[in-house]
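Chain letters run A, B, ... following the sequence lines, proteins first and then strands; every chain starts at 1.
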Amino acid sequence: MERYDLVIIGAGPAGLSAAIEAARCGMNIAVYDENKRPGGQLFKQIHKFFGSKEHHAKERGFHIGEELLAEADRLGVDVSLDTVVTGLYPGNEVMIKKGGQVSHVRGDTVLLAAGASENMAPFDGWTLPGVIGAGAAQTMMNLHGIRPGSRVLMLGSGNVGLVVSYQLLQAGCEVAAVVDAAPKIGGYGVHAAKLARCGVPFQLSSTIVRAKGGDHVEGAVIGRMDEHGKIIPGSETEIDCDTICIAVGLSPMNQLARMSGCRMEQNPKKGGCVPVCNEYGETSVRGLFAAGDAEGIEEASSAMIEGRIAGIACANRLGFLEDGKAKEAVESNEQALDTLRQGMFAPKNRGKQIEKTDEGFPVSQHLLVTGFLGDDEVEVYPGVTHPKGLHPVIECTQNIPCNPCQDACPHGCIHIGSFITALPAVEASAECIGCGRCVASCSGQAIFLVNEDIGGGYASVTMPYEFMPLPEKGDIGLACSRDGQAIGEAEVLDVKSVKAFDHTNLLTIRVPAELSGKARFYKAAQQ
Amino acid sequence: MDTSERIAVHPILGVPEKGRQVQFTYNGKTMSGCEGEPVAMALKAAGVMVHRYTKKRHEPRGIFCAIGRCTDCVMVVDGVPNIRTCVTPLAEGMDVRTQDGVTPLAGDKADKEEADGTI
């Protein structure tokens, strides 16, 4: 039986990160992945990631995947693709299946980094062709260039549901609505706001009663739910759609962990049944580690750090890395991980009602139910100010771990401080030069440049724009409010596309001055 | 809104990288798709939604997970049933057929060959 220092199951963000750390220490590694290409789900993530600048924030997921792969390649990490791990036995013996052939290998250490599977919602008709997982939608449009449907109904308002809905719009699909059984939007407010200003409605405390159609989806019936989760009679409405997309959470892939005999626990904060791990990701079976979604559902950013920690711990266990160096490396990664696990959406805060931000500002309830900030509400936040001339307006109102905007501004207009979840504040003393770097750096697309008075009774608003076709200077169209309603005429003053902004175009429109605080999106006139 | 199923230019990804156009057959009808893309994607682009019918209740099934996990999209490909079309690359001249239950539909290639004694 072939023996390796480290056998890694899964070549996604966690597995590849572990492989990189282990390879650096000179370990003999085998990495198995059942897919045709490595990277896990990273290559389907076309949005900019949140987090700190040191950990890939404001980079698009697929670019992070490319960097990770390049680093792994440089270190000689070899991933066996199309290879399914079908068993994990005592003594960390791993059974693999490739091309119909089964073989066994042994790892002195083994890392479970198999990721997650999607949860499902079995409503009437959920098996009809046209009902798909959110991951399937991403696979179709972002990997293969195929639209999942013309008009899509999204079930689930967590970050996956919100991000995939936006990506559907970018792919040229319509999103009929985002439906969620919960009374509040589950994902980041900034993600919801991106959809709301495109006109996507949210239907909360609601669920899909049934999918309609003979041999494929031709519509859906949704109904409002009472506090016991029962459909309120008479509340059913029909939604016109040809595709239903399900984004109701992920569950850790735990089959191999269970098979290994390691101690497992049901942990709702980790998304389900997971192996019990120590701070290095080691399970109760000596030498068997877990990282990434397989150890607890989180973001890809945390999966990468967990993978690094596990890789370092494996190297240390087998004597490839001395104790002092290992401790130091683990500690700095733990610190980074801890930073990502702060804020309102941190695993420890799941399910909690949060009324105030860390700074004491009221959390917008309007945002949580409608997907957009009320015109008055927005005024209380420290990113919204009204100086003369051009200035950034930052509609970032929830404590989430993200800070690229602070470093983006070369003139120090934006202040977050050392606490990464703090709300960005606009510094009154600093001068905005209109470079737009902050606008492009904001993964939540929540920063606008506003000049409330450009003369003649007009204001200018610069916004991030990631759709096709790109408007052109001189175009006349419609200014839309935060809820996607057309509120006035807008003339495109400028369209800036810079390589460094990575496909986030900056669209500057001229609107009547009284709309400077309301116009947050632009639609071409004939749509 | 664009009504075609294929994205011509994507605002972030640009023009999708696709293989050359190849022809294949779906239930005997000639269709075209891009070489190397999953069979399921070529079918979706051609407007095919139903991949198979379930054995007991004869219910339609199509693409569901698109990553080879759920097996809802299995079809009879080149006479072999239970092929996960979402992870099977399209090749020129492939014979793709709707699957009925867990075996090929009567009259499919495999059945014929069996009847002819060729397999």
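For B:Arg69, the part sitting under 4.5 Å from any heavy atom of chain A is the side chain, from C-beta outward, and nothing else. Heavy atoms closer than 4.5 Å to chain A are found in the side chain of B:Pro16, but not in its backbone. In this structure, chain B has a heavy atom under 4.5 Å from the side chain of A:His216, while its backbone stays farther away. Interface residue A:Met141: backbone and side-chain heavy atoms are both found under 4.5 Å from chain B. Contacts of A:Lys44 with chain B are made by side-chain atoms alone, with heavy-atom separations under 4.5 Å and no backbone atom involved. Both the backbone and the side chain of A:Asn142 come within contact range of chain B, each with at least one heavy atom under 4.5 Å from a heavy atom of that chain. Both the backbone and the side chain of B:Ile63 have a heavy atom closer than 4.5 Å to some heavy atom of chain A.
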**OP:** Apply side chain to side chain contact (heavy atoms under 4.5 Å, CB included) to the pair A:Met140 and B:Met41, showing each step before the final yes or no.
**Re:** CA-CA 7 Å; A:Met140 292 164 89; B:Met41 295 303 130; 3.5 Å; yes
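The environment of NZ in A:Lys98 is crowded: more than 12 heavy-atom neighbours from other residues, nucleotides or ligands sit within 6.0 Å. Within a 6.0 Å sphere centred on CZ of A:Arg60, heavy atoms belonging to other residues, nucleotides or ligands number more than 12.
With respect to chain A, the highest number of heavy-atom pairs below 4.5 Å among B:Val9, B:Thr54, B:Asp72, B:Leu13 belongs to B:Leu13. No other option in A:Asp215, A:Thr127, A:Thr139 has as many heavy-atom pairs under 4.5 Å with chain B as A:Thr127. Between chain A and the residues B:Pro38, B:Cys73, B:Gly68, B:Ala45, the largest count of heavy-atom pairs under 4.5 Å involves B:Pro38. Counting heavy-atom pairs closer than 4.5 Å to chain A, the top-ranked of the candidates B:Glu59, B:Lys44, B:Glu37, B:Lys18 is B:Lys44. Taking A:Gln138, A:His47, A:Glu34, A:Gln167 one by one and counting their heavy-atom pairs under 4.5 Å with chain B, the maximum is reached by A:Glu34. Note: B:Pro60 leads B:Ala66, B:Gly62, B:Pro60 in heavy-atom pairs under 4.5 Å with chain A.
By the 4.5 Å heavy-atom criterion applied to side chains, A:Lys36 and B:Pro89 are counted as neighbours.
Residues A:Val131 and B:Phe64 come closest through the heavy atom pair O-CD1, 3.1 Å.
Put simply, CD on A:Gln170 and CD1 on B:Ile7 are 10.0 Å apart, with the number rounded to the nearest 0.5 Å. Going from atom CD of B:Glu17 over to atom NE2 of A:His144 covers 13.0 Å, rounded to the nearest 0.5 Å.
With hydrogens and angles disregarded, no donor-acceptor distance shorter than 3.5 Å links the side chain of B:Arg6 to the backbone of A:Ile146.
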